[in-house]
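This is a predicted model, so every value here is computed, not measured. Atoms considered below: every heavy atom in the structure, side chains included; atoms not considered: hydrogens, waters and symmetry mates.
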Amino acid sequence: MIQKLCSLLMLLLLLNSCSTNADDRIDNPNLINVSFRLNLDLNLPEYNALNFPGNSYSTYNTGINGVVVYNINNSQFTAFELSDPNHPLSDCSTLRVQGVIAKCDCDDGNSYNILTGELTNGSGQYTMKPYRVSKNGNTLEVFN
């Protein structure tokens with residue numbers, strides 16, 4: 001009986017701690033939410049690098065300031081916003097990809113890992129803004 005009561009109490013605590021209210025989440029005040037869909041046909045020469053693990057593709061025409069897509073192992077891909085999440089939008093806050101690092105041109109020298117989105121150098125509390133990636137045949141769809 002005590003075990004059932006404890007289980008019920010734990011379930012109630014768990015349900016109470018979950019929130020469906022989006023206002024309860026800590027959103028990054030520096031980056032706005034934009035809706036987009038980017039389709040990358042891996043048969044086209046422009047996106048050929050994404051057919052091989054360890055390669056990335058960057059575009060500065062989608063998202064807020066751009067999007068980088070990285071091929072982890074041909075079945076897993078990451079995609080992140082190319083705006084420094086720890087700066088308000090400005091001329092220097094667009095990230096430039098060099099290998100697996102995305103660097104900010106602002107004075108603090110923030111840089112981020114494009115596999116995980118984590119800050120690798122500099123200062124700030126936010127990681128890169130992730131986007132969803134779906135692979136269907138030879139097409140990658142990146143979206144928010």
Side-chain angles (χ1 to χ4, degrees), residues 5-144:
L5 185 59
C6 286
S7 296
L8 181 62
L9 183 60
M10 291 296 284
L11 179 64
L12 287 173
L13 284 173
L14 180 67
L15 291 175
N16 233 5
S17 66
C18 298
S19 174
T20 58
N21 187 350
D23 294 335
D24 291 342
R25 285 181 276 165
I26 299 173
D27 288 326
N28 186 329
N30 298 318
L31 302 178
I32 59 173
N33 275 326
V34 294
S35 294
F36 70 90
R37 288 200 181 278
L38 172 64
N39 289 307
L40 307 175
D41 183 346
L42 301 181
N43 293 320
L44 296 175
E46 182 178 2
Y47 313 118
N48 187 54
L50 286 174
N51 285 308
F52 306 98
N55 287 326
S56 66
Y57 170 77
S58 301
T59 178
Y60 295 93
N61 299 321
T62 304
I64 302 168
N65 278 330
V67 174
V68 60
V69 181
Y70 183 83
N71 181 344
I72 297 173
N73 62 10
N74 282 337
S75 61
Q76 292 180 308
F77 294 82
T78 60
F80 291 100
E81 170 60 41
L82 286 175
S83 298
D84 190 326
N86 292 297
H87 289 285
L89 295 177
S90 67
D91 292 339
C92 71
S93 66
T94 299
L95 300 172
R96 303 286 174 217
V97 177
Q98 299 170 348
V100 296
I101 301 296
K103 294 183 179 184
C104 172
D105 290 334
C106 297
D107 292 335
D108 58 7
N110 285 353
S111 62
Y112 302 85
N113 183 312
I114 64 171
L115 279 81
T116 62
E118 294 176 341
L119 184 68
T120 59
N121 191 31
S123 61
Q125 71 182 69
Y126 299 107
T127 60
M128 293 177 79
K129 180 180 181 67
Y131 292 129
R132 297 180 184 128
V133 182
S134 174
K135 185 175 183 186
N136 187 8
N138 274 346
T139 301
L140 288 180
E141 183 179 28
V142 181
F143 56 99
N144 186 22

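- For the atom pair OG1 (T59) and CG (L82), the distance works out to 9.0 Å, reported to the nearest 0.5 Å.
- In this structure, CD1 on I64 lies 4.5 Å from CG on L31, to the nearest 0.5 angstrom.
- Listed by first and then second residue, the ring pair (Phe, Tyr, Trp, His ring centres under 6.0 Å) pairs that reach into residues 28-54 are F36-Y131, Y47-Y57, sequence neighbours excluded.
- The closest donor-acceptor contact from the side chain of T120 to the backbone of S111 lies under 3.5 Å.
- Looking at D84, its side chain never comes within 3.5 Å of a backbone N or O of L95 through a donor-acceptor pair.
- Taking CD1 of I32 as the reference point, atom CG of L89 lies at 6.5 Å (rounded to 0.5 Å).
- Side-chain atoms of D108 and H87, non-hydrogen and from C-beta on, do get closer than 4.5 Å to each other.
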Next on the checklist: Quick one, N113 with Y70, criterion side-chain hydrogen bond (donor to acceptor under 3.5 Å, both in side chains). Give me CA distance, side-chain angles, the key distance, then yes/no.
Outcome noted: CA-CA 11 Å; N113 183 312; Y70 183 83; over 6 Å; no
Item to check | Intermediate values then yes/no, side-chain contact (heavy atoms from CB on, under 4.5 Å), K129 and N144 | outcome: CA-CA 10 Å; K129 180 180 181 67; N144 186 22; 4.2 Å; yes
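- In this structure, OH in Y126 is found 13.5 Å from CG in N110, a value given to the nearest 0.5 Å.
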Validation: residues 132-142 side-chain donor-acceptor distances under 3.5 Å, sequence neighbours left out:
from, atom 1, to, atom 2, distance (Å)
K135, NZ, N74, O, 3.3
N138, ND2, N43, OD1, 3.0
E141, OE2, R37, NH1, 3.0

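- Within 6.0 Å of CG in D107 there are 12 or fewer heavy atoms belonging to other residues, nucleotides or ligands.
- Between atom CG of residue L44 and atom CG of residue L42 there is a gap of 8.5 Å, rounded to the nearest 0.5 Å.
- Pairing each heavy atom of V68 with each of S58, the nearest pair is CG2-OG, 3.5 Å.
- Interatomic distance, D91 CG to N65 CG, rounded to the nearest 0.5 Å: 9.5 Å.
- Contact between I114 and S56 at its shortest, heavy atoms only, is CD1-CB, 3.9 Å.
- Without hydrogens or angle criteria, E81 side chain to M128 main chain gives no donor-acceptor distance under 3.5 Å.
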Could you list the donor-acceptor pairs under 3.5 angstrom formed between side-chain atoms of residues 98-106 and any protein atom two or more places apart in sequence or on another chain?
from, atom 1, to, atom 2, distance (Å)
Q98, OE1, K103, NZ, 3.3

